[in-house]
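Below is one structure, written out as structure tokens; the observations come after it.
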Amino acid sequence: MQRIILVRYQEIFLKGLNRPVFEGKLISNIKEALKNTGRFKVIKSQSRIYIEPVDDEFEFEEAVELLPRVFGIASISVVIKVDTDFEIIKNKSFEIVDDLVQRKGYKSFKVESKRGLKSFPRTSPEISSDIGAHILKNTNKLRVDVHNPDFVLYIEVRESTYVYSEIIPANGGLPVGCSGRATLLLSGGIDSPVAGWMIAKRGVEIEAVHFHSYPYTSERAKDKVIKLVKILSQYCKKIKLYIVPFTEIQLELNQKCPQDHLTIIMRRIMMKIAEAISVKDNSKALITGESIGQVASQTMEAIYVTDASVNMPVFRPLIGMDKNEVIEIAKKIGTFETSILPYEDCCTVFVAKHPRTKPKMKEVLSYEAVLDIDKMVEDAIKNVEILNI
Ligand code: ATP
Ligand code: MG
């Protein structure tokens, strides 16, 4: 009896895309995600991927936990692989069912079969009813319930036969690397990690930029961002993190700009620095965690003025979401607990008491006229710290 992992992906994605490229990326991302779990073979067959451990050292449970995080995977199952021989399938099916009844106390079931091998001498409904009858004959603890069973025994008859009872849902999406690269403005808050995750889910490779205002923000604030990137990288392969020293810029803005325009001008400069970094790295868009009306700098007017600071597209995947919807995703993906650690962010250090909620482009430009923003961007990039996480 051999336990293997069956990986399903959604074929709907393959229609518009170059299918081998999609599958190749998915397989290489799976190999990357499982690189520390031991030795295994990856077999692609009939729009499925099978992960077969090579020896007993393979960390099976860990692999089952890691795989649903790989974008492009729709679901996985732990399956028992047996020879395609009806007697063997029948006996193994009973063994699996008996084990489930013992461990989980299930009382009802149904069998769902799929015959992928047309030369097999039973049709799919015949396989289901014959296996079901065999199980009922050997136990009095179970009954068949086709509408609402405690569990379903799935039997897929192909070159080999796969028997399993659980389908573990994954996140879907596209394999990271299929859709180019984007640059995430990553604070230590709840929103931006979720925004990065959502764009990565569409197959986009992510790099991150964090603005750090040491010593106004602590080393621990920086560690928190590194930790967030580590969590995100479980979904997105390696992430290049740029840490931009932002203190001097903020002090200068504080001196030269009206208090009620500080945040919006700061935001525009952040965008320009992130744009300069992304151009260098062939990244095609910026990503932020903004949503309409959440804070003063996220009104329609503020977003308009922020957007006007750069030429590249800005993705704001949370734009229409409520905070509690964002929190739900943050919890699901594992960033929430880290995001709520109480360290200062650069935006909270130099924040104005009464920021303008409806900034005007003309006014903002006039306040910026006293600043040498090109020089600010240039210096910021010169002094940036780069970590590969
Ligand atoms: P978040 O939870 O992502 O911090 P927020 O609701 O606190 O968002 P703001 O602080 O106004 O909102 O920030 C809006 C967006 O600006 C963030 O989602 C992020 O993309 C970007 N941003 C804010 N601060 C930083 C920072 N220190 N470094 C990089 N990007 C930042
Ligand atoms: Mg924030």
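All values reported here derive from a predicted model rather than from experimental measurement.
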Practice item. Check the side chains of Arg8 and Ser77 for a donor-acceptor pair under 3.5 angstrom, ignoring hydrogens and angles. Key: yes
Exercise for review: Tell me yes or no: between the side chains of Ser160 and Thr84, is some donor less than 3.5 Å from an acceptor?
Suggested key: no
Exercise for review: May I ask you to say whether Lys81 pairs ionically with Glu52, meaning some side-chain N is under 4.0 Å from a carboxylate O?
Suggested key: yes
Point to revise | Exercise: do Glu23 and Tyr9 side chains pair donor with acceptor under 3.5 Å | key: yes
Review point. Just by distance, with hydrogens left out, do Ser187 and Ser192 show a side-chain donor and acceptor under 3.5 Å apart?
Key: yes
Review point. Is there a salt bridge (Lys or Arg N to Asp or Glu O under 4.0 Å) between Glu156 and Arg158 once you walk through the steps?
Key: CA-CA 6 Å; Glu156 293 189 17; Arg158 298 170 187 254; 3.2 Å; yes
Practice item. Return yes if a side-chain donor-acceptor contact under 3.5 Å exists between Gln294 and Asp322, otherwise no. Key: no
Review point. Tyr235 vs Trp197 aromatic rings, parallel, tilted or perpendicular, using cut-offs 30° and 60°?
Key: perpendicular
Review point. Is there a side-chain contact between Val97 and Leu153, using heavy atoms and a 4.5 Å cut-off?
Key: yes
Check your understanding: Just checking, any donor-acceptor pair under 3.5 angstrom between side chains of Thr263 and Arg268?
Key -> no
Exercise for review: Mind checking the CD1-CD spacing from Ile231 to Glu337? Nearest 0.5 Å is all I need.
Suggested key: 9.5 Å
Exercise for review: Would you please say whether a donor-acceptor pair under 3.5 Å links the side chains of Lys280 and Asn282?
Suggested key: no
Exercise for review: Assess the side chains of Glu62 and Thr37: does a donor N or O sit below 3.5 Å from an acceptor N or O?
Suggested key: no
Check your understanding: Cut-off 3.5 Å, side chains only: do Tyr216 and Gln250 have a donor facing an acceptor?
Key -> no
Practice item. Would you check if the distance from the ring center of Tyr50 to the ring center of Tyr162 is below 6.0 Å? Key: yes
Exercise for review: Taking the six-membered ring of Phe86 (Phe, Tyr or Trp), confirm whether the NZ or CZ of Arg122 is under 6.0 Å from its centre and within 45° of its axis.
Suggested key: yes
Check your understanding: Asp281 side chain to Ser283 main-chain N or O, any donor-acceptor pair under 3.5 Å?
Key -> no
Check your understanding: With Leu186, which of Val225, Val209, Asp191 fulfils side-chain contact (heavy atoms from CB on, under 4.5 Å)?
Key -> Val225
Check your understanding: Using 4.0 Å as the upper bound for N to carboxylate O, is an ion pair formed by Arg220 and Asp223?
Key -> no
Point to revise | Sidechain N-carboxylate O distance under 4.0 Å for Asp145, Lys110 | key: no
Practice item. Quick one: do Leu142 and Val101 satisfy side-chain contact (heavy atoms from CB on, under 4.5 Å)? Show the steps, please. Key: CA-CA 8 Å; Leu142 275 177; Val101 172; 3.7 Å; yes
Practice item. Give a yes or no on this: more than 12 heavy atoms of other residues, nucleotides or ligands lie within 6.0 Å of atom NZ of Lys375. Key: no
**Study point:** Residue pair Thr247, Ser213: steps toward the side-chain hydrogen bond (donor to acceptor under 3.5 Å, both in side chains) verdict
**Key:** CA-CA 4 Å; Thr247 319; Ser213 304; 4.7 Å; no
Practice item. Kindly compute the distance separating CG (Leu232) from NZ (Lys227), expressed to the nearest 0.5 Å. Key: 13.0 Å
Check your understanding: Lys114 versus Val157: any side-chain heavy-atom pair under 4.5 Å?
Key -> no
